[in-house]
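Notes follow the structure.
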Amino acid sequence: MGATDQEDQLYWNRFRNGEEVAFSWLYQRYVRVLYSYGMKLNRDSDLVEDAIQDMFTDLWRTRSQLAEAQSVRFYLFRSLRRKIHRSLRPDTELAQPFDEGTDLWQPTLASVEASMISDEEIALQSSRLKSWLTSLPARQYEALILRYYQDFSYAEIASIMNISEQGARNMIQKALHTLRRLAIVLSLCFLGIGWLLKIFFR
Amino acid sequence: MYQNYTADDFLQDTAFRKWVLQGAPSDDAFWADVLLNHPEQRDTIRQARELLLMLHEQIEADFPSEQQVDLLYKRIWANTQEIPVPLWRQWRVWAAAASISVVLGLGGWWLTQKSNHLINNDQAANQVVSDQLEQVNNNTSRVLTVNLPDGSQAFLEPRTQLHYRKAFADTIREVFLVGEAFFEVQKNPDKPFLVHSNAITTKVLGTSFRVKAYQQDQQINVMVKTGRVSVFPVQSNKHLDPEQDGLILTPNQQATFTKADAHFTRTLVAKPAPLLPQAELKLFSFRNAPLVEILQAIEKAYGVEIIFDEDRLKNCRLTTSLGSENLFEKMDIICEGVGASYKLVDAQIIFDSKGCD
C-alpha cells in the first residue's frame, strides 16, 4: 500500500498545481470505489452521482487552498460521506437503511437442511453469506467495507464514520463474531468436508 | 506465525488477500501447506476467504458503468470551467466603460493595449478547449496501438492506461502511463517527449523504448531499444533538477526503479538484440580470429561494454560469426569455445578467462 499512497501524493501535488491530467488520474482511480461506497450509503444513484460531482468540482476549484494529503484515499472517502449525509435530511441520516432491497432477504434454516453436498450448496452458502452481509446493521457493514475492501486503519475508519476508534474496533469485532456464529451453524449443516475440498481445489 | 491468526489478521495479511483475490496457482500450494500445518485454523481461513470474496463482489456489483464514469467526468470538468458570473459581468461593464472612453477619444494608445488584452483572453479560452485530454484504456488481451498527435506510436500491453493531450503543447510532448507500453517516438530535438509513469519520468528526443509501470509492481522498468533515453525521479530531494538523480540509458540497457527506496539501478535488458542491421552483421564472420577482435565486434554489435584482460586473451583464437541471437546466447557460445566464463555487473559484462596456450 505504501507505494500506492506515495503515487497518490505525487498526483495530488501535481493536481494542486493545476495539472488537469493529474486531476483526471485521481478521478479515474477513485471514482468507481467511491461510487460503489456511496451506493452502500444511499441507494439513490442520482444523489450519489451528484455528491461525487460536487466533491470533485469543489476539489478543482479549491485546489490552490488544499493541503498536502497524508492519504488521498482517506480524504476522498471522508469528503464523499459528508457530502452524501449533508444532502440527506438530517433526521433520516441515521435511520437510512443501508441496503433496502436486500434487507428482506433473510436466510432460512429449513432450506439449508434440505440440501445435500453439491455445487448448488456452495452457491447457496455464498448467497447466505451475502444475505448475512447485507442484513448486518448498516454501520457494521460500512466498517467492514472500509476495513477489508479499502484497507483503512481503525483510526481512519473512526474519522470517516465520525465515531471513536474503539467504536470502530467494536463494530468490526461484532461483525466478525456474527460471521463466526453463522459459519458454525452452516458447517454443522454441511459437514463441510466435501465442500472444503471443492473450495480449495477448484 | 499463522497458528494465532484471527480472521482479522488473515484479512489484513497481504499474501492472504493476494491469494484470495488474484488466486495464482503458486499461492494455492503455499496456502494448502498452511492449512495442512494448522488444521485448527481451517474455519478461520475459510471464513476470512468467504468474507473477502463477498465484500469484493458486493462492492464491484455497484461499480458505475464506463459510460457513467465518462459522462460524470465531463459534467465535473464543465462545472469547473464555469466562470463565476458576477466577476465576468463586472469585467464586461468595465470593458464597455473603456470603449466609451475610447469613443470619447481619451487616448489612442490606450485603446490598442486594451483590445490586445481582449484578444489574449479569447485565446486563453480556446486553449482550454483544445487542451482536452485523450485517455486510452487497453482492456483487451492484445497489444493496442495508439497513434499520438505528433506521429509517434505507443503499443499498450493489456491492463494499461495512457493519457495525453489531444494536441501536444508547444514545447513538450507529454504522456501519462499506468501499465506497460513500448514507444516509438518521432525525432524532434526541439520538443522532448516525456513519459510520466508513477514516480519516474522518462525523457527522450526520438527513439524507441519500453516502460513497465503497473501500479501493483514494486519496481518500474525502462528498457531501451534504440537511441538515448534519460530516466529520472519525478521529485528529487538532492537537486533542483531531478534529471541529475537519474540515468542516461543507451540501447539494450534497462533502468529499474525501486519504489520503496526510490533508487535506480542500471542493467542490461533480458535479451539484448543486435543493434546493427542483419546485412551488416553478416560482415562479422571470423575464421580463426583473435578473441579480442571478436569481443570488440560484439561490443559494437550489441552496444555493450565488455571488460577483459587483453594480455591474457592474446593467444585465444576462435571461428565464429554473428547472427540474430541475443547477446547472452552469443556469450555462452564463445565461453564454451575458449573455456571462459562471464558475469553481468550492472550493465557491463566481465569476461573471465585463464587464457589459452
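All chains are named by letter (A, B, ...) in the order of the sequence lines, taking the proteins before the strands, and each is independently numbered beginning at 1.
Interface remark: B:His163 contributes side-chain atoms only to the contact with chain A (heavy atom separation under 4.5 Å). Interface remark: A:Leu34 contributes no atoms to any contact with chain B (heavy atom separation under 4.5 Å). Contacts of B:Leu52 with chain A are made by side-chain atoms alone, with heavy-atom separations under 4.5 Å and no backbone atom involved. Heavy atoms of A:Gln9 lying under 4.5 Å from chain B are absent altogether. Of the two parts of B:Gln216, neither the backbone nor the side chain holds a non-hydrogen atom closer than 4.5 Å to a non-hydrogen atom of chain A. A:Tyr27 touches chain B through its side chain: at least one heavy atom from C-beta onward sits under 4.5 Å away, while N, CA, C and O do not. Heavy-atom distances place no part of B:Gln219 under 4.5 Å from chain A, backbone and side chain included. Contacts between A:Val48 and chain B at a heavy-atom distance below 4.5 Å are absent for every atom of the residue. Only the side chain of A:Asn13 comes within less than 4.5 Å of a heavy atom of chain B; its backbone N, CA, C and O stay farther away. Only the side chain of B:Phe176 comes within contact range of chain A, with at least one heavy atom under 4.5 Å from a heavy atom of that chain.
A donor-acceptor pair is defined here as one N or O able to donate and one able to accept, closer than 3.5 Å; no such pair exists between the side chain of B:Asp13 and the backbone of B:Phe10. Listed for the B:Asn138 side chain is a donor-acceptor partner under 3.5 Å among the backbone atoms of B:Leu156.
Inspection of the A:Arg29 and A:Tyr11 side chains reveals no N or O donor paired with an N or O acceptor under 3.5 Å. B:Thr258 and B:His263 form no side-chain donor-acceptor contact under 3.5 Å, judged by distance and modelled atom types alone. With hydrogens and angles left out, the side-chain atoms of A:Gln28 and B:Gln161 include no donor and acceptor closer than 3.5 Å. With no hydrogens or angles considered, no side-chain donor-acceptor pair links A:Thr57 and A:Asp54 at under 3.5 Å.
The residue among A:Val21, A:Leu10, A:Leu176 with the most heavy atom pairs within less than 4.5 Å of chain B is A:Val21. Heavy-atom pairs under 4.5 Å with chain A were tallied for B:Thr44, B:Leu21, B:Ile59, B:Thr14; the largest tally goes to B:Ile59. Ranked by heavy-atom pairs under 4.5 Å with chain B, the first of A:Phe23, A:Trp60, A:Tyr37 is A:Trp60.
Between B:Tyr2 and B:Trp31, the ring center distance clears the sub-6.0 Å criterion. Close placement of the A:Tyr75 and A:Trp12 rings is indicated, their centers lying within 6.0 Å of each other. The aromatic ring centres of A:Tyr149 and B:His56 sit less than 6.0 Å apart.
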